[in-house]
Amino acid sequence: MSQNPSRALSHRGTLNEKQVEAVESVNGPVLVLAGAGSGKTRVITHRIAYLIDEVGVPPYQILAVTFTNKAAGEMKSRVDALLGSGLRPSSPLVSTFHSFCVRVLRRDIEALNAGLNRNFTIYDDDDQSRLVRSIKKDLGIDDKSLSERQVLSPISWAKSRGISPAGYANQPDNSSDRTEKIARIYKSYEERLKQANAVDFDDLLIRTVQLLRTRPEVRAKYHERFRHVMIDEFQDTNGIQYEMARLIATNSTEQAHGGRWNPDLWENRSLFVVGDVDQSIYSWRGSDFNIILGFRNDFEGTKMIKLEQNYRSTQTILEAANQVIEYNKQRLPKTLYATADMGQGDKIRYYQSYDAEGEASFVGEKIQEHLRRSPQSRCVVLYRTNFQSRLFEESLRRRGVPYNIVGGFSFYERAEVKDIISYLKLALNLDDDMAFARVVNSPPRGVGKASLEAISRLQQELGISMWQTVPEAARQQLLSPRAAKSLREFMRVVRSLSDRVQAQEALSNVVKAATLDTGYVRALQEEQTEEAESRLLNIEELVTAAVEAEKQGESLRDFIDHAALVADTDQYKADARVTLMTMHSAKGLEFPVVFIVGLEEGLFPHSRAAGSDTEVEEERRLCYVAITRAEKNLYLTHAMKRRVFGEEAASEPSRFLNEMPLELIDDLSLGPSWLKFRNSPSAYGGAGSLGMLAASDSHRSSPVKKTSNYTGKTYNSADGVREFFNKRTSAGGSTGPSQGPRPSRSYPGNKSSGRAQTQYEDDEFKTGMRVRHAKYGRGVIVQCEGVGEDAKLTVNFPGFGHKKFVAKFAALEKS
DNA sequence: TTTAGTACACTTTTT
DNA sequence: GTGTACTAAA
């Protein structure tokens, strides 16, 4: 059966004993506990190749599930590489849980009789929020303390546990007003989804499990087909995903035991799961690492294999990771062993900066250094929350270092892209209310709030979709003549799009039609602004993506599903020299040089986690994940103060820093840092975190260490420190844009500070005064703090909003 | 109805 | 600092 024995068995030469054992465990339940960097993906990909080439399993019988699209893509290409390019009758299915569900539901959802048909729309985050917003309005719930998020997360919680709206309202311990409101929104939310023939992300999983549980013939179909199910990152599985896997693998609806050991069941069949308890970082999203702990009980006869040999990192990095994770109580003991030839490696480098700008500037400089020394090395900056990315972007841009950023808003989240996609979604499913509401008036065609409210009111009465409501609203003369006319035209265009879809017209043609026939592109062209220009470019990019997808043989349906589920797949470019992303996104990746930034209490561990031990332990696991991404060099940084919501706040070093072994750390901070304090408290004069500010930073590009000048002088208040820096900057110490933290930083794009001196006149700026700015044009001073050249000015520029300046730095002209 | 301007709420982490 | 939601005027 073997098509290429020498290649198929090549893993025996390249994998270690344990890995080989895992690869060759062909049948039955298998649990692989794989530490970070222990070759987990290698094991899965080699096993797929082994099953196909050596055991003779037809590829289509193999299902490999990953947690992210990134991982799925990676695995696919690695499997392809292993299998070679020879033609095969089929390929293994490598997909995320969610896209697997879409696949199943697009085929079989109608068997559920749940009022949904296979043309269902997927509502993403944004759609969900809009829906909740609209429901709150309908129900007259005007509660500011109930944000969309605060409603959606309990709804998701309840849905995933099979709790109905009524059940949610009747929870034993909860009878508050708030719960009652959420229950009402929940109820309406579900109705509106059904009305729109739509499902949310949770539904994808829930409906699939429902289908497999209640429809034996459907279950049998998938059970027969997927004889080898593999799950990566198993520690991140939630109860529903686990049940799905169990149903497919065992064809049994019995809960606790996917099987008492039954040799017949496991003949030519396996359930192969790979995970690491220490890397469980998604419990906030319902994942439960107890599942991995309980796996052996659920599946009698489970073969368990531990991979502890790490191939990724230096001894130093592993020691740090091992020590930090030891602080967790909830875990299985496990130690990562370094590979001898990785060596001890460099020490971990630590840097304490005065503020967040200084941190970013340090990181930018070090990255530049690394790239100069070895242009091929890849660097990554890992932060806890997305909002931290901005400063690093600025710092890199200033240095002309190209970078790649993952997360934040993706291409598919841009308004214009979402608009075009909404047209397409609407063409596919005319009942998609969120798509309808989104595009009915973009470009503006005179269908405003009043018309929409009229439609919405009637819709509630009739209990049908908006699309279906419009003709009735027109009949009842609820619409202004203008709106009615516009709506007729709008519906004609959408219907013609829909016809194109029905007629199976080429994907790229339909997408082009959605940009042109709708008047969307024309409206943007007429705007003649820079912004409209960039939107047009994005739309062009979307059309290109459609052409590309068409070449791949995708249908419009595939294309749209992709947009809903794969929001950031393309964002991570494996060959990018510099990448910025959250620690969460970094799971599964590795980099020669890693910067973990913002190691501050309240930020990391995040303040929301501070209250509970389990949550702090999850943060610590996240820290462990972050550390173990590093192959050779690891940098840890934190800032003594940073702006949160525009307000400055002092911060303390993260507890995780304390948990790392001192002897592995090399302190690069200028002046007395917290680390030196930790080392020998007597060497450190200051009291409290602000006392250290003299350590400063606004670190210099020249290696001259001036810190000795400042030791012994401590600044115990933020003002004192500010004064200190102001003195220094005016003394001409400024050599770079990041020099000297300015109390009120001017806009980053402001390049005029060099000319500031000449622009500044003795006359005072005052509130209400009209000024002109090189970049923003005319504006009005709305706030004026302080006097003279140090005064902080808040200026409102029409079109740009409020900008803050320090009088002497800002090139402001009176006008 | 639209748009411009102002007030304000917001920051975990993601399919 | 930023994006969004509400409001006042065109």
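Below, read A as the first sequence line, B as the second, and so on, with proteins coming before strands; counting in each chain starts at 1.
- Y520(A) meets the ring pair (Phe, Tyr, Trp, His ring centres under 6.0 Å) test with no other residue; sequence neighbours excluded.
- Regarding contacts with the backbone of dG1(C), every side-chain N or O of R390(A) stays at 4.0 angstrom or more from both OP1 and OP2.
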Distances under 3.5 Å between protein N/O atoms and the N/O atoms of nucleotides 4-7 of chain C, please, pair by pair.
{"unit_1": "dA5(C)", "atom_1": "OP1", "unit_2": "R133(A)", "atom_2": "NH1", "d": "2.6"}

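- Taking E148(A) as the reference, nothing meets the side-chain hydrogen bond (donor to acceptor under 3.5 Å, both in side chains) condition, with sequence neighbours excluded.
- Comparing the same atom, P, in dT13(B) and in dT4(C) gives a spacing of 16 Å after rounding to whole Å.
- Here Y282(A) does not count as stacked on dT13(B), because the ring centres are not under 5.5 angstrom apart with planes under 30°.
- Checking K425(A), R438(A), R535(A) one by one against D419(A), the salt bridge (Lys or Arg N to Asp or Glu O under 4.0 Å) holds for a single residue, R438(A).
- At a cut-off of 3.5 angstrom, the base of dT14(B) holds at least one donor-acceptor pair with the side chain of R149(A).
- Note on residues 273-286 of chain A: pairs passing side-chain hydrogen bond (donor to acceptor under 3.5 Å, both in side chains), not counting sequence neighbours, are D276(A)-Q279(A), D276(A)-K334(A), D278(A)-R331(A), D278(A)-K334(A), Q279(A)-R629(A), S283(A)-E618(A).
- Counting only residues at least two apart or in different chains, side-chain hydrogen bond (donor to acceptor under 3.5 Å, both in side chains) contacts with residues 600-610 of chain A comprise E600(A)-R642(A), E600(A)-S651(A), E601(A)-R655(A).
- Looking at residues two or more places apart in sequence or on another chain, you find a ring pair (Phe, Tyr, Trp, His ring centres under 6.0 Å) between F604(A) and F656(A).
- The distance between atom CE of M583(A) and atom C1' of dT14(B), rounded to the nearest whole Å, is 16 Å.
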